Amino acid sequence: MKEIGKRIKERRLKKGLTQDDLAEQAKVNLRTIQRIENNEATPRRKTLDLIFEVLDIEVIEQNKSVINKYLIWSSFLTLLIIISTFLGWIRHFKMFVDGEKTYRAFTGWTGYTFLNDYHFHNWILSITSISLGLIVIGNSLELIKNKSKYIIVQLVCLVLYLIGFWGWSHRQAIELRPGLFIIVIATILLVIAYKKNGKKTGASRVS
């Protein structure tokens with residue numbers, strides 16, 4: 001997008017137009033022109049078409065060649081979450097058999113942790129985490145605009161689960177397995193990515 005702002009400014013100066021002239025002829029707000037040229041905003045396609053028409057810039061489908069890093073990152077994290085639900089989350093001591101310890105292992109679809117003596121089933125966290133990933137992917141494709149409330153619910157589920165795990169681990173010999181660690185980290189990174197993209201979109205949205 002920096003290239004677009006630079007290109008517009010160079011073309012405007014070459015045609016001997018001021019920012020006021022361009023804004024008037026393109027029927028675009030002056031502040032919008034200033035923000036685009038200073039790379040402070042990501043213009044809408046309609047706005048670009050109006051500006052390009054005045055400056056005689058050939059319209060090219062730039063967006064098709066641009067790799068959406070946010071989409072790639074959110075898709076990768078969502079895939080990581082899905083994989084992690086099939087890995088071990090928790091392993092705790094069960095009993096001695098022939099003098100050796102035996103363990104019971106839970107994945108993201110089996111087992112539970114305890115929260116105030118109530119079962120908090122692992123599948124609940126798995127489903128909400130996968131749903132979060134799909135929401136973030138949808139947001140990156142501009143299919144879903146704002147699902148902040150759901151994301152807050154997901155974070156609450158994650159926190160409650162970890163509180164239950166922490167409390168349970170103090171009562172029994174429980175081991176944290178890779179699957180749970182991965183889903184926690186991936187979920188946090190997804191939320192961060194969603195918030196960063198939201199701020200960037202909000203700051204750059206111009207008419």
Side-chain angles (χ1 to χ4, degrees), residues 1-82 128-159 182-207:
M1 202 50 67
K2 289 182 179 180
E3 292 297 323
I4 292 179
K6 181 180 178 182
R7 186 180 180 190
I8 288 174
K9 184 176 182 179
E10 289 177 349
R11 187 70 173 178
R12 175 179 62 78
L13 294 174
K14 188 174 181 180
K15 290 179 72 71
L17 298 174
T18 65
Q19 290 182 333
D20 287 303
D21 295 334
L22 178 57
E24 183 179 350
Q25 293 182 37
K27 295 181 174 57
V28 175
N29 187 277
L30 174 60
R31 180 56 184 155
T32 298
I33 299 293
Q34 294 171 340
R35 292 178 68 192
I36 293 173
E37 291 192 357
N38 293 330
N39 302 313
E40 297 174 355
T42 301
R44 297 173 190 245
R45 183 54 189 268
K46 182 179 178 181
T47 303
L48 279 180
D49 288 343
L50 292 171
I51 295 172
F52 284 178
E53 185 178 352
V54 173
L55 298 178
D56 298 323
I57 297 177
E58 183 180 355
V59 178
I60 302 174
E61 295 291 334
Q62 305 103 327
N63 293 336
K64 291 185 178 180
S65 63
V66 176
I67 298 176
N68 190 332
K69 294 181 181 179
Y70 173 53
L71 173 61
I72 294 175
W73 179 238
S74 57
S75 298
F76 169 74
L77 291 174
T78 302
L79 178 61
L80 205 58
I81 286 176
I82 294 173
T128 55
S129 296
I130 293 172
S131 299
L132 171 65
L134 295 177
I135 286 175
V136 176
I137 290 174
N139 179 257
S140 68
L141 293 171
E142 297 184 355
L143 300 175
I144 299 175
K145 295 302 179 184
N146 191 349
K147 289 293 181 180
S148 297
K149 291 182 179 179
Y150 184 86
I151 289 177
I152 291 173
V153 171
Q154 162 58 22
L155 288 176
V156 170
C157 286
L158 179 61
V159 170
I182 292 172
I183 203 169
V184 169
I185 298 301
T187 299
I188 292 173
L189 291 176
L190 269 175
V191 173
I192 292 173
Y194 178 83
K195 290 299 181 183
K196 287 181 68 177
N197 186 68
K199 289 181 180 179
K200 196 176 296 183
T201 303
S204 63
R205 187 69 69 187
V206 294
S207 57

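Quick caveat, the model's predicted, so the values are computed rather than measured. Positions are given from 1, in the same order as the sequence printed here.
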Non-hydrogen atoms of [X] and [Y] that approach each other most closely:
X	Y	answer
I81	A186	CG1-CB, 3.6 Å
W73	A193	CD1-CB, 3.9 Å
T78	G133	OG1-CA, 3.1 Å
S129	T187	OG-OG1, 3.7 Å

* To do: Check the pair Y194, S140 against side chain to side chain contact (heavy atoms under 4.5 Å, CB included), reporting the backbone distance first and the verdict last.
  => CA-CA 8 Å; Y194 178 83; S140 68; over 6 Å; no
Examine distances only and state if a side-chain atom of [X] and a backbone atom of [Y] form a donor-acceptor pair shorter than 3.5 Å.
X	Y	answer
T47	P43	no
T32	V28	no
N139	I135	no
N29	R31	yes
R12	L17	yes

Taking atom [atom1] of [X] and atom [atom2] of [Y], what is their separation to the nearest 0.5 Å?
X	Y	atom1	atom2	answer
L55	Q25	CG	CD	8.5 Å
L48	I36	CG	CD1	6.0 Å
I82	L77	CD1	CG	11.5 Å
L22	R11	CG	CZ	12.0 Å
F76	K69	CZ	NZ	16.0 Å
L141	S75	CG	OG	7.5 Å

* Taking it one step at a time, do I51 and I8 satisfy side chain to side chain contact (heavy atoms under 4.5 Å, CB included)? -> CA-CA 8 Å; I51 295 172; I8 288 174; 4.0 Å; yes
* **Which residues share a side-chain contact (heavy atoms from CB on, under 4.5 Å) with I182, sequence neighbours left out** => L80, S84, L87
* Could you walk me through whether I151 and L190 pass the side chain to side chain contact (heavy atoms under 4.5 Å, CB included) test, one step at a time? => CA-CA 10 Å; I151 289 177; L190 269 175; over 6 Å; no
* To do: State which residues pass side-chain hydrogen bond (donor to acceptor under 3.5 Å, both in side chains) with T128; sequence neighbours excluded, sorted by chain then number.
  => Q154
* Q19: side-chain hydrogen bond (donor to acceptor under 3.5 Å, both in side chains) partners, not counting sequence neighbours -> E37
* Name all pairs fulfilling the salt bridge (Lys or Arg N to Asp or Glu O under 4.0 Å) condition that reach into residues 15-26, sequence neighbours left out, sorted by first residue then second. => K15-D56
* **Y150 atom OH: more than 12 heavy-atom contacts under 6.0 Å** => yes
